[in-house]
Number of protein chains: 2
Amino acid sequence: MAVATQSLEELCINSIRFLAIDAVEKAKSGHPGLPMGAAPMAFVLWDRFMRYNPKNPKWFNRDRFVLSAGHGSMLQYALLHLTGFDSVSIEDIKQFRQWESKTPGHPENFMTEGVEVTTGPLGQGIANAVGLAMAEAHLAAKFNKPDAKIVDHYTYVILGDGCNMEGISGEACSFAGHLGLGKLIALYDDNHISIDGSTDVAFTEDVSKRFEAYGWHVLHVEDGNKDLDAIEKAIAEAKEVTDKPTMIKVTTTIGYGSPNKANTAGIHGSALGGDEVTLTRNNLEWTYEPFVVPEDAKNHMGKAVERGANYEAEWNKTFGDYKAKYAEEAALFERFISGKLPDGWDKVLPTYTPEDKGIPTRKHSENCLNKLAKVLPELIGGSADLTHSNLTEIKGIGDFQKGHYENPNIHFGVREHAMGAICNGIALHQSGLIPYGATFLIFTDYMRAAIRLSALSQAGSIWVMTHDSIGQGEDGPTHQPIETLASLRAIPNLIVIRPADGNESSGAYKVAVEKSKQNAPTLLAFTRQNVPNLAGTSIEGVTKGAYTVVDSEGTPELILIGTGSELSLCVTAAEKLTSEGKKVRVVSMPSWELFEAQDAAYKESILPKAVTKRVSVEAAASFGWHKYVGMEGDCVSIDRFGASAPGGVCLEKFGFSVENVLATAKKVLG
Amino acid sequence: MAVATQSLEELCINSIRFLAIDAVEKAKSGHPGLPMGAAPMAFVLWDRFMRYNPKNPKWFNRDRFVLSAGHGSMLQYALLHLTGFDSVSIEDIKQFRQWESKTPGHPENFMTEGVEVTTGPLGQGIANAVGLAMAEAHLAAKFNKPDAKIVDHYTYVILGDGCNMEGISGEACSFAGHLGLGKLIALYDDNHISIDGSTDVAFTEDVSKRFEAYGWHVLHVEDGNKDLDAIEKAIAEAKEVTDKPTMIKVTTTIGYGSPNKANTAGIHGSALGGDEVTLTRNNLEWTYEPFVVPEDAKNHMGKAVERGANYEAEWNKTFGDYKAKYAEEAALFERFISGKLPDGWDKVLPTYTPEDKGIPTRKHSENCLNKLAKVLPELIGGSADLTHSNLTEIKGIGDFQKGHYENPNIHFGVREHAMGAICNGIALHQSGLIPYGATFLIFTDYMRAAIRLSALSQAGSIWVMTHDSIGQGEDGPTHQPIETLASLRAIPNLIVIRPADGNESSGAYKVAVEKSKQNAPTLLAFTRQNVPNLAGTSIEGVTKGAYTVVDSEGTPELILIGTGSELSLCVTAAEKLTSEGKKVRVVSMPSWELFEAQDAAYKESILPKAVTKRVSVEAAASFGWHKYVGMEGDCVSIDRFGASAPGGVCLEKFGFSVENVLATAKKVLG
């Protein structure tokens, strides 16, 4: 029974707090401080503003919520539970941070319905949210009609001091300000505490002023612990500002309610401990047992179910009207959100013969992108300020800018990391959009955390990476990838493809688009320099990861395995060796991951165990190649940093020549 | 002969411009736009303010200069050449961007004397500069006396729009503002153009206001093309502001002087072309042949040589006086800048026997750091807001803060990427400091570009990474490294060490400290969880990279190779197998790179080619391990993302148990 002194709102807010306290206490692991301090703002947001349908978490037009401060995951689980999502039962909350539970340590969209994106690595969530808001703006501009708004939702974020310290959040928020994303609203849990203690030790900048400098509308709620009306007023004002994103600084007390640990780092990332839990219960006059939610709170917050059903019903009616009036647009919209590709889309991908002029694979990439854009209007993306080097522009159509959100060409600026997380946000909007982000392959280092999260959180982003080797040339070792391919191949669930020519570039896009619709990212590595079109390459071959492009008569005595720009060296070397009476097979291996996914029989057919004399040829580190060349094989590779010189000179000097492939092959043949 | 209409200053500035124009033109590659626009500010800085000695580029008390916009490298080469550095002759400039030249595409400190840090990857330079300024502040606070300032220099940076868009620069500048680094002065080349065109397409924030929010002193030079006095006045004012770093926004025209390409992206990263070079010569009334510098300009800028000799002589006198009065401090200072370690420093590293209690290796790391700090006052570093998780605090001594720069404990805030580049800057201050930066191993993803640059640019940073596997536990897959070790081992010149216990942790620090003094970085990976101290482990063993800790009688039939927390599983499994009559060797392999550096005989002695039955055991991806286990071996590894659950549960569920090692070993034995 509710204590008389507590208002209904307090009851709800304390329910959130104690679910967090009790779950962390039971797990003896987790972060109670943020949920305790941010519960009031979260309550106001979820209770008075947010539109979502607990019984259909995937309802398209829902407001998106991102807990960028993902360590406070219990805040989100408590909200999901109290508002009636079936994905988080009280039993699930009791299993907080346990094996296979629905309530992992940080919010994981692939584990828990109602969680939009995976957060925890700080700053990713706010950047994802920029992507979610861009997806909404894009679809709204594309589909809405003056008399029918079928795309119309807000994106809300709660972020903390940690997110605000991370560079990625600065990149993303600068970009959001540039774009004027009016439906993006960020609540900054300004609690002055990070893991090392007071933010005074490292973070004394004026965050509000910084956001103003980015072009955001900035508000301040001075008492975020108690002043619910001020929170409500701020969010209402934020919604009214349609030409700028809004940042609401909400000053709170971390671990609010804990007599001895509130406002200390001690409550940031540790359970309170039994005594302090008791003291906190006393202090907040909380008479309920652990994991018990008072009926009044349950009933009140549970009203989200009915509200949500109504929201969805209204929207269904709006969409019905839209469909009646705008059948063609509605059909496209329905295809988008179904995640399906149009029939025969891949027929536009070009194929080539050796007679076709050799061009850089980045140019093939440009051709593929532009041909695909004609049949796949869900493509949206661009480059981190290297548009005309990466060749990622979709021609004849404009840029995604404020007032022109309908266009697909995004200029991300020199913001690789934010680009990555924004693409992930667009993908996880789950509206069928296929986002792509581009830079030089080496600069995946700047966005690696976002690439990893695309693989973990099942975001179908396409990473278009050009200048994929020392063939990059004059820019020198700071710009030349060496270990980069290996470091990316090592990431679980990420498909890396390094095509050798035009056919393989088409194959790379075929895979990337299909994988995107299966919620998996693909990374494509393209050359800066010209490569010839080769006999035997194929789209089909790429889909298998590795395949034979030149074969010997009978069992080969040597297999040359090439990727990308080095495949042609293998082909030429094989001709020479064959003319000398050797039995040589050339395997093109654009993708290790796709090859590993084939059955054992296929793998054996391409790389028979009995053939142990193998040479890999790739203008990159040998790291990882021994899996395929074994201990009797060898690698034509570069295991040092590159150098500044014309690309052809670099390749030659570092041994990527037919001569050196032949020499290595002969050494292996013995 | 100088054209009558040109002042001496103009002659010098145009000399810089045309060296850049001509070098890029000859190379048909490079970025002329920035040098043409930034030449005036660079001239004023190098001619009227900067203290350096061209004939002794390593003179300790020189002002440091960083071209953060490293693509404009010809600006720096022109300055080095004109001011009389022997490292950049006119022949070197003619070899711009050619094989093995002293003038690579981007400034590389390891190629060109006078270049302090390696730039090109945007944002790194400004963050390095923060590190350089921190090193100066630290040494000044440590060594200077009221009557003798032996450490007293400024750090100057030129950065562009690209640097300012990158998150790392935001992190670093926020931190510099927090620290109040008064001797850091950044000139922002505000030319409104990036590679994609006008910055209007992506970057419309108010940069000055952002820097004010960071706590910087901010100035604006409205006409950076012509108003040299305004530039001079601004730099002079910046020097006077001693409690804040200063950012001077200098508005310029990219490609100044080119009639058709100035103020366009066309001049950002491409040669002007012969016709436009001619038009630019005409426009700027430049009558000199390519690569010809007018005598007046040469003579004027060459005065830097005499000035520099005087600066150094003055300083030598100051230091002589200091040495006479403060012999002990002077001896320490001299040891610092000699790069030498004190005799017997490594004797403080503890050793252990199996009877010693098992603790996490991160705790061993803490012990090592604290013991080393007693004998190596050059240690300086800290964590990116995980001090009490990484255990990197040097106890009994304070924090590096404004007013307390003499202290070694840095709170970097949640700014991993800036931390990386700052540590590199501290290392490249070349004053013997040993910087270390810490976070969870997984978050090397956030700072990978800086880690790579530590390896490329020969910065002796120590990367202290904890929570090195799924043993991390409840935080879940966002926080659990899987592919991380592989991705780091793949980086050339980076030593990665994953110690198994106390002795190996001591060995790891022994290597890391020695490598730091040899200008090479080391990355250390420590466990969150307890590990036992094992028989047979040793400091000496670690230095070899891999060594035998348990051996069989006679030739082994199986080799178990373990690292870190999994070595103990190998030892226990070997005991069991031995009791069953098998001949089993256990190899501890804390560092692949150190092992690869051993001679063939040593390698054969540890991993004899004849023993093909091998099993690696490491709680990480198998990626790369086939080099050591071959095609007949196997890996106990995890090739998927982790999961949120207690660390012990994760390890057990994913197969890191003695049982599974035994099962795998038996499968391999056949």
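Chain letters run A, B, ... following the sequence lines, proteins first and then strands; every chain starts at 1.
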Give, as side chain, backbone, both or neither, the part of [X] having an atom under 4.5 angstrom from any heavy atom of chain B.
| X | result |
| --- | --- |
| A/N164 | neither |
| A/F443 | side chain |
| A/T118 | side chain |
| A/L453 | side chain |
| A/P481 | backbone |
| A/Q98 | both |
| A/E108 | side chain |
| A/A643 | side chain |
| A/Y628 | backbone |
| A/S457 | neither |
| A/H71 | neither |
| A/V207 | neither |
| A/I442 | side chain |
| A/Q480 | backbone |

Quick check against the 3.5 Å criterion: does [X] have a side-chain atom that pairs as donor or acceptor with the backbone of [Y]?
| X | Y | result |
| --- | --- | --- |
| B/D196 | A/T387 | yes |
| B/S198 | B/I193 | no |
| A/D639 | A/S622 | yes |
| A/S644 | B/G105 | yes |
| B/Y446 | A/P121 | yes |
| A/N409 | A/G398 | yes |
| B/T478 | A/G120 | no |

Option in [options] with maximal non-hydrogen atom pairs under 4.5 Å from chain B:
| options | value |
| --- | --- |
| A/G123, A/S29, A/G170 | A/S29 |
| A/T612, A/I491, A/L179 | A/I491 |
| A/S174, A/G215, A/G413, A/A621 | A/S174 |

Residue [X] versus chain A: region with a heavy atom under 4.5 Å:
| X | value |
| --- | --- |
| B/H417 | side chain |
| B/S73 | neither |
| B/W625 | neither |
| B/E474 | both |
| B/A265 | neither |
| B/R452 | both |
| B/S194 | both |

If we count only N and O atoms by modelled type, under 3.5 Å, do the side chains of [X] and [Y] hold a donor and an acceptor together?
| X | Y | result |
| --- | --- | --- |
| B/D161 | B/T199 | no |
| A/H411 | A/D399 | yes |
| A/T204 | B/H178 | yes |
| B/R97 | B/T103 | no |

Looking at A/K653, I'd like to know if its NZ atom is crowded, meaning that more than 12 non-hydrogen atoms belonging to other residues, nucleotides or ligands lie closer than 6.0 Å.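 Count not over threshold, so no.
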
Between chain A and each of [options], count heavy-atom pairs under 4.5 Å; write down the option with the most.
| options | result |
| --- | --- |
| B/E212, B/E205, B/R448 | B/R448 |
| B/R210, B/K402, B/H479 | B/H479 |
| B/A645, B/A202, B/G167 | B/A202 |
| B/L122, B/V649, B/I482, B/I451 | B/L122 |
| B/C650, B/G476, B/A449, B/A450 | B/A449 |
| B/D206, B/V201, B/I168 | B/V201 |

Could you tell me how the ring of B/F412 sits relative to the ring of B/F175: parallel (under 30°), tilted (30 to 60°) or perpendicular (over 60°)?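 Tilted, since the angle between the ring planes falls between 30° and 60°.
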
Any Lys/Arg nitrogen of B/E632 or B/R614 sitting under 4.0 Å from an Asp/Glu carboxylate oxygen of the other?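 No.
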
Does B/E166 form a salt bridge (Lys or Arg N to Asp or Glu O under 4.0 Å) with A/R415? I'd like the steps, not just the answer. CA-CA 5 Å; B/E166 289 285 5; A/R415 303 182 181 103; over 6 Å; no

Restricting to non-hydrogen atoms, name the atom on B/T439 and the atom on B/L386 that form the minimum distance, rounded to 0.1 Å.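 Where B/T439 meets B/L386 most closely, the heavy atoms are OG1-CD1, 3.7 Å.
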
For the rings on B/W592 and B/F623, is their centre-to-centre separation under 6.0 Å?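 Centroid distance B/W592-B/F623: not below 6.0 Å, so no.
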
